[in-house]
Amino acid sequence: MYSYGVLLLQMFTGRRPTDEEFEDGLDLHQFCKIALHKGVMKIIDPHVLEHEEEANDDHRDIHVLELYCKFGLIDDARRLFDGMSERNVFSWTSIMGLYCGLGDYEETIRLFYCMVDRGVRPDHFVFPKVFKACSVFSELSVRDVVIWNSIISACAHNEQGVTALNLLREMVKSKVQPNMVTIVSILPACARLAALQQGKEIHQFIIRNGLDAFNLVIDLYGRCGLVKIARRIFDLMPQRDIVSWNTMIAGYGMHGFGMDAVNLFRRLQCTDLKPNHFTFTSLLSACSHAGLTDEGWKYFKMMKSEYDLDPAIEQYACLVDLLARAGQFEESMEFIKEMPFQPNAVIWGSILGACRIHLNPELAEQAASFLFELEPQNSGNYILLANIYSAVGRWEEAAKVRCLMKERGVSKPPGCSWIAVKRRIHSFIVGDASHPLIEEISCKVESLYSEIKEIGYVPETNFVLQDVEDDEKENSLCGHSEKLAIAFGLISTPSGTPLRIIKNLRVCGDCHSATKFISKVTNREIIMRDCFRFHHFVDGVCSCGDYW
DNA sequence: ATAGGGTTAG
């Protein structure tokens, strides 16, 4: 038995305790739990635990192994595991969990076969790891809630949201009742996919079973574009903690409703809850998206003055974004120089994005050169710089950036937009003709074009990279995935219903402009989520104020 | 003892 005092002493001083310092207290297992919970592994010498001489606790190595595995200390874990004379099912499970968590599925499976080879019988706790690693799920006869949760969670965390939803349906069909763990895995997946229908059903389930997951539900509706519903749930929920407020403020922010975020924050100030870093990140980002420069400054200063919070790099980044979007480039560069952090990719990304709004190719070059160092594989940066060059007519330089991309083997994911109609998700890839209704969709795009041109739309052909004839540029714009999704939405839903479109990349400038006009001529609300934020198009105006 | 959170910044 190890005493809590001994371990604390080792953690904080690194010296061995004297005899008097031994006390009864927590055992090693409990200590490991505390260490995991507090994330203090870094300040313990990991080898102290192993070199502890009192090895009469049979479970000691297993506990230490578990600790290493949970912290991802692969070398330490492997050394300990390989040197163990007796490996029971717990040690195998821990080490498999480590490789599985790191995404090394081959090693996970190899270990599984090793284990079986050595006559260790796998139990219910081993299989979830194996399932993550291979899809032998259907071969298992006993499927309890833990196994279902495990595979659903694995899918949800690995961008396999659709699979996760399908598995949930099967789970319910096979009469296994989802629980809170299922919900916390699946709801964020619905939010990411904007799978509104499925999300609503899970919301119903939460209510029926009296589960407490309202913060997730608020986030779900926010990310699906239904901010008002999110707010209603926020207002009606029995208990609001700081996360509820943060989530709601963030919801307003990502939709461009800056003043709603500010007003909600003011109400938060009247409660007993104390705003934290997340609160300010959401609030400042909301100010920045809505162009509320003065408010942004005010709340940034308020962090320290009223709440004694030192702004972290996230909040500095929001301020940089705020200034740069407002076109105050000198101030933002000055601010970067003076902040107590090394500027990271997000900060340079803000500058580069603002350079696209204000067409500043010189500063864009600077920001891009840092970004190419910091995240050489992020295609968005190359595209943005090339677009800025194109927009000011510097075609050769735009071409050069595209060459650079090719040289470095950076590939641009194709633009993809999707829309849910009657429980089905219809997705469109740029220039894609595979949809069964593609004829009608193309017709619709053409007729929309002539309608919106009549009321003043001018194609923004400078968003087309190729230096080609204008006709051709316009043609290529027509094939953009967001336009296809809008046209499909218009022909397949009753007039007057809002359209909710999701896009994988940043919305294109021409599509943004065209959608404003489309919302006017069709009298539809069009809600578009791109990879950064929402755009609400109503009657020819976008909630981003063309400020994105 | 083993399934699991919430929201960060472009």
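So you know, we letter chains A, B, ... as the sequences are listed, proteins then strands, and number each from 1.
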Can you figure out which of [options] approaches the side chain of [X] most closely?
X        : options              : answer
A/Val184 : B/dG5, B/dT2, B/dG6  : B/dG5
A/Val181 : B/dA9, B/dG4, B/dG6  : B/dG4
A/Thr93  : B/dG4, B/dT2, B/dG10 : B/dT2
A/Asn179 : B/dA3, B/dT7, B/dG4  : B/dA3
A/Phe278 : B/dT8, B/dG6, B/dG10 : B/dT8
A/Ala317 : B/dA9, B/dG10, B/dT7 : B/dA9
A/Leu216 : B/dA9, B/dT8, B/dG6  : B/dG6

**Request:** For DNA chain B, find the residues of residues 228-262 of chain A with a heavy-atom distance under 4.0 Å and give them by number; none if there aren't any.
**Result:**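 Contacts with DNA chain B under 4.0 Å: A/Asp241, A/Val243, A/Asn246.
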Just how far, in rounded Å, is [atom2] of [N] from [atom1] of [X]?
X        : N      : atom1 : atom2 : value
A/Phe341 : B/dA9  : CZ    : C1'   : 12 Å
A/His535 : B/dG10 : NE2   : P     : 12 Å
A/Asn215 : B/dT8  : CG    : P     : 13 Å
A/Arg223 : B/dT8  : CZ    : P     : 5 Å
A/Leu322 : B/dT8  : CG    : P     : 19 Å
A/Phe280 : B/dA9  : CZ    : P     : 17 Å
A/Ile347 : B/dA9  : CD1   : P     : 13 Å
A/Ile183 : B/dA3  : CD1   : C1'   : 14 Å

Mind checking if [X] touches a base, just sugar-phosphate, or nothing, with heavy atoms under 4.0 Å?
X        : answer
A/Asn381 : base
A/Arg533 : nothing
A/Ile357 : nothing
A/Asp321 : sugar-phosphate
A/Ala312 : nothing
A/Asn344 : base
A/Leu352 : nothing

Can I get a per-line list of side-chain donor-acceptor pairs under 3.5 Å for residues 241-267 of chain A, giving both atom names and the distance, sequence neighbours left out?
| unit_1 | atom_1 | unit_2 | atom_2 | d |
| --- | --- | --- | --- | --- |
| A/Asp241 | OD1 | A/Asn215 | ND2 | 3.2 |
| A/Asp241 | OD1 | A/Val243 | N | 3.1 |
| A/Asp241 | OD1 | A/Ser244 | N | 3.0 |
| A/Asp241 | OD1 | A/Ser244 | OG | 2.8 |
| A/Ser244 | OG | A/Asn215 | OD1 | 2.8 |
| A/Ser244 | OG | A/Asp241 | N | 3.0 |
| A/Ser244 | OG | A/Asp241 | O | 3.2 |
| A/Asn246 | OD1 | A/Thr279 | OG1 | 2.7 |
| A/Asn246 | ND2 | A/Asn276 | OD1 | 3.1 |
| A/Thr247 | OG1 | A/Val243 | O | 2.6 |
| A/Tyr252 | OH | A/Arg231 | NH1 | 3.1 |
| A/His255 | ND1 | A/His536 | NE2 | 2.7 |
| A/His255 | NE2 | A/Gly222 | O | 2.8 |
| A/Asn263 | OD1 | A/Arg266 | NH1 | 3.2 |
| A/Asn263 | ND2 | A/Met259 | O | 3.2 |

**Asked** For A/Thr108, what residues pass the side-chain hydrogen bond (donor to acceptor under 3.5 Å, both in side chains) criterion, not counting sequence neighbours?
**Response**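 Testing A/Thr108 for side-chain hydrogen bond (donor to acceptor under 3.5 Å, both in side chains), a comparison that skips the adjacent residues, returns none.
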**Prompt:** Can you name the residues that form a side-chain hydrogen bond (donor to acceptor under 3.5 Å, both in side chains) with A/Arg192, not counting sequence neighbours?
**Reply:**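 So A/Arg192 forms no side-chain hydrogen bond (donor to acceptor under 3.5 Å, both in side chains) with any residue.
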**Prompt:** Would you say the side chain of A/Glu314 and the base of B/dG10 hold a donor-acceptor pair, judged only by whether the two atoms sit under 3.5 Å apart?
**Reply:**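 No pair found.
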**Asked** Do the side-chain N or O atoms of A/His289 get closer than 4.0 angstrom to the phosphate oxygens (OP1, OP2) of B/dA9?
**Response**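 No, A/His289 has no side-chain N/O under 4.0 Å of OP1/OP2 on B/dA9.
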**Message:** Working to the nearest 0.5 angstrom, can you tell me the gap between A/Leu505 CG and A/Asp530 CG?
**Reply:**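 Reported to 0.5 Å precision, the distance equals 8.5 Å.
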**Option among A/Leu216, A/Ile202, A/Leu196 that satisfies the side chain to side chain contact (heavy atoms under 4.5 Å, CB included) test with A/Cys190** =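 Exactly one candidate clears the test, A/Ile202.
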**Prompt:** Do any N or O atoms from the side chain of A/Arg87 and from the backbone of A/Phe81 form a donor-acceptor pair under 3.5 angstrom?
**Reply:**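 Yes, because the side chain of A/Arg87 sits within donor-acceptor range (under 3.5 Å) of the backbone of A/Phe81.
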**Prompt:** Can you name the residues that form a side-chain contact (heavy atoms from CB on, under 4.5 Å) with A/Glu201, not counting sequence neighbours?
**Reply:**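 Expected list: A/Gln197, A/Arg423.
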**Item:** A/Arg110 bridged to A/Glu107 by N-O distance under 4.0 Å
**Value:**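 Here A/Arg110 pairs with A/Glu107 in a salt bridge, since their nearest N and O are under 4.0 Å apart.
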**Request:** Scan for salt bridge (charged side-chain N to carboxylate O under 4.0 Å, His left out) pairs involving residues 202-226 of chain A, sequence neighbours excluded, and state none if there are none.
**Result:**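 Of all non-adjacent pairs touching residues 202-226 of chain A, those that pass salt bridge (charged side-chain N to carboxylate O under 4.0 Å, His left out) are A/Asp219-A/Arg223.
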